[in-house]
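Contents: one structure, followed by commentary.
Just so we're clear, the structure is a prediction, and the values are computed from it rather than from any experiment. Residue indices begin at 1 and follow the sequence shown. Both counts, for ligands and for their atoms, begin at 1 and track the order of listing.
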Amino acid sequence: MKGVIRLEELTRTYGRTVAVDGVDLEVRAGELLTLVGPSGSGKSTILRLIAGLDRPDAGRILLDGVDVATLPPHRRAVAMVFQDYALFPHLTVHGNLTFGLRVRRVRRADADRRARAAAERLGIADLLDRYPDQMSGGQRQRVALARALLRDPSVYLLDEPLASLDAPLRFATRADLLALHRELRTTTVHVTHDQHEAMTLGDRVVVLADGRIRQVGPPQQVYDAPADTFVAGFLGSPPMNLVPGGGVLGGDPTLTVGVRPEDLVRDDAGPVVATVEAVEALGSEAILLTRCPDGTRLTVRTGPRPGVGPGDEIRLRVDRRHLFDAADGRRR
Ligand code: ADP
């Protein structure tokens with residue numbers, strides 16, 4: 001199977017900023033891999049390096065065993081889709097879809113047929129005569145995806161492809177992307193800073209911070225067993241409660257104790273006493289922002305109608321704790 005990407009000691013610096021810092025990673029054939037991390041953690045740079053839009057300072061990029069570091073983008077079997085679509089504004093959808101094929105000297109009738117097939121697959125066949133400014137963001141993103149399909153690449157690189165879409169459309173397009181990937185099984189590397197996408201859109205997730213990989217694994221596995229306090233605090237919304245020294249969650253000065261908001265459960269016999277400071281009612285659930293007598297703040301996830309308000313005292317039990325080394329933050 002084609003589409004294996006290997007990054008070895010990949011490094012890219014801009015001036016004094018180390019954007020990508022010795023990244024080792026293998027993307028498996030047919031896998032959908034998601035890169036997540038805060039803004040500036042190096043996600044886009046990794047994607048651009050794989051695409052050939054940027055050059056590494058050190059390290060290797062292997063595509064199916066071949067070092068592509070010196071190949072220009074069009075010689076790499078990759079197709080990149082950007083957040084801002086990057087469509088030609090003066091060309092119709094048809095023109096945008098056939099442009100690359102024509103450059104590659106595909107015959108007009110053949111290019112037409114393939115463009116139409118790609119458009120149909122993405123549900124935009126009735127838009128072939130429109131210009132980009134005559135379409136919604138979602139439609140433009142579909143055109144960009146259809147154009148990527150037409151390159152028939154070994155690897156898709158998606159840079160925040162859903163970020164410009166509003167929430168309902170994002171939801172629908174995410175489902176479409178997943179369906180498309182299941183059908184094509186083409187290796188895909190996808191960048192996002194969105195929690196939801198990180199959890200749902202990928203066989204594995206790579207968590208980055210400061211240009212370095214913190215953890216790689218299936219999303220649920222990373223969520224259930226974060227490798228360090230950074231990953232624990234980054235993946236999950238609201239984030240995990242982290243208490244240095246354990247405090248109200250069970251004291252041990254050598255540890256930082258973590259508890260996910262859903263693992264703090266209202267229980268009149270529970271050992272933790274906390275005062276509600278605010279309630280965020282989210283429709284399907286509510287988030288309680290609480291404070292313990294020693295000043296520790298705890299976020300609690302509850303059902304939609306918790307029946308408490310600011311100033312009320314509640315008791316909590318701790319269903320699951322995560323233990324991290326207080327000194328280096330690593331999972332114990
Ligand atoms: P992310 O995609 O995770 O937001 P980037 O890969 O875009 O992060 O950026 C990583 C770091 O490299 C950031 O500190 C950013 O400011 C810096 N950087 C990225 N591209 C350039 C560039 N062309 N020139 C200078 N600094 C850059």
Side-chain angles (χ1 to χ4, degrees), residues 5-27 31-63 68-73 76 78-86 137 141 144-145 148 155-165 170 173-174 177 187-217 219 222-223 226-237 239 329:
I5 307 170
R6 270 197 72 84
L7 308 180
E8 295 176 359
E9 286 290 311
L10 195 65
T11 299
R12 176 68 167 109
T13 53
Y14 299 104
R16 265 186 276 155
T17 306
V18 187
V20 178
D21 191 0
V23 163
D24 284 303
L25 179 67
E26 177 161 308
V27 189
E31 157 171 68
L32 174 49
L33 184 92
T34 300
L35 303 179
V36 289
S39 179
S41 57
K43 307 181 293 292
S44 299
T45 304
I46 292 177
L47 223 52
R48 292 167 51 80
L49 288 169
I50 299 171
L53 300 172
D54 196 354
R55 292 283 172 90
D57 298 306
R60 301 210 302 164
I61 302 167
L62 303 170
L63 261 176
V68 296
T70 57
L71 292 183
R76 305 183 187 194
V78 303
M80 188 150 166
V81 177
F82 301 91
Q83 175 183 348
D84 60 2
Y85 327 120
Q141 192 52 274
L145 284 168
V155 172
Y156 289 104
L157 304 171
L158 311 179
D159 193 357
E160 302 255 10
L162 310 179
S164 309
L165 309 181
R170 209 185 252 222
T173 314
R174 187 163 66 220
L177 262 185
T187 308
T188 304
V189 183
H190 162 246
V191 160
T192 187
H193 65 269
D194 181 283
Q195 292 284 332
H196 234 89
E197 277 176 39
M199 287 303 295
T200 57
L201 200 61
D203 301 309
R204 290 191 303 158
V205 59
V206 177
V207 184
L208 288 160
D210 301 325
R212 292 195 191 163
I213 293 180
R214 292 299 190 103
Q215 191 168 4
V216 184
V222 174
Y223 185 85
D228 58 30
T229 48
F230 173 81
V231 177
F234 184 75
L235 211 62
S237 175

- Query: Excluding sequence neighbours, so at least two apart, what forms ring pair (Phe, Tyr, Trp, His ring centres under 6.0 Å) with Phe230?
  - Reply: Phe234
- Query: Any idea which heavy atoms bring Ala148 and Val81 closest together, and the distance?
  - Reply: CB-CG2, 3.6 Å
- Task: May I have the step-by-step check of side chain to side chain donor-acceptor pair (under 3.5 Å) for Asp57 and Thr13, ending in yes or no?
- Result: CA-CA 7 Å; Asp57 298 306; Thr13 53; 3.0 Å; yes
- Task: Sequence neighbours left out, what pairs pass salt bridge (charged side-chain N to carboxylate O under 4.0 Å, His left out) with at least one residue falling in residues 201-213?
- Result: Asp21-Arg212, Glu31-Arg204
- Message: For Tyr156, give me all partners under ring pair (Phe, Tyr, Trp, His ring centres under 6.0 Å), at least two apart in sequence or on another chain.
- Response: none
- Set of residues that line ligand 1, where lining means a heavy atom lies under 4.0 Å from it: Tyr14, Thr17, Ala19, Pro38, Ser39, Gly40, Ser41, Gly42, Lys43, Ser44, Thr45
- What's the verdict on salt bridge (Lys or Arg N to Asp or Glu O under 4.0 Å) for Asp194 and Arg170, showing C-alpha distance, side-chain angles and the deciding distance? CA-CA 11 Å; Asp194 181 283; Arg170 209 185 252 222; 2.7 Å; yes
